[in-house]
Amino acid sequence: MENEAEDSYAAGLAGWLKARMAERGLGQRQLAKFSQVSVGTISAILHGRVTPRFDVIAALANYFGEEPAAVLAATGLSGLEAAPLEARAE
């Protein structure tokens with residue numbers, strides 16, 4: 001992570017994803033299959049090692065029936081600039 005805002009966002013996203021997975025009783029492989037996001041990316045998100053691209057966040061949000069913008073707001077994206085998000089790896 002490049003800075004504290006990214007660390008905070010990654011932790012918030014990890015918490016959001018862990019909670020949604022627990023609510024549905026999903027493991028990483030199941031979520032990967034249903035959301036079309038790789039197991040490696042899901043693992044990296046859960047461990048706070050990556051801030052994923054918007055399309056990955058959107059895929060996860062959509063799978064859980066939430067709006068991507070709501071997920072971004074709830075996890076603290078407002079502290080990050082939008083442009084660098086585009087360049088982040090899946």
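Summarising the geometry of Y9 relative to L72, their closest heavy-atom pair is OH-CD2, 3.2 Å, with the distance given to 0.1 Å. The shortest heavy-atom contact between K18 and L46 is CE-O, 3.2 Å. When all heavy atoms of S38 and A32 are compared, the closest pair comes out as C-CB, 4.1 Å. The minimum heavy-atom distance linking G48 with A10 is given by the pair O-CB, 3.9 Å. Smallest separation of non-hydrogen atoms from R20 and E66: NE-OE2, 2.6 Å. In terms of heavy atoms, I45 sits closest to V50 at N-CG1, 3.7 Å.
Under the 4.5 Å side-chain criterion, counting only non-hydrogen atoms from C-beta, L60 is in contact with V37.
Below 30°, between 30° and 60°, or above 60°: for F34 and Y63 the angle between ring planes is below 30°, a parallel geometry.
Between atom CG of residue L26 and atom CG of residue L17 there is a gap of 9.5 Å, rounded to the nearest 0.5 Å. Atom CD in Q30 sits 10.5 Å away from atom CD1 in I42 (nearest 0.5 Å). From L31, atom CG reaches atom CZ of R24 across 9.5 Å, with rounding to the nearest 0.5 Å.
Shown here is E67, whose CD atom has no more than 12 heavy atoms of other residues, nucleotides or ligands within 6.0 Å.
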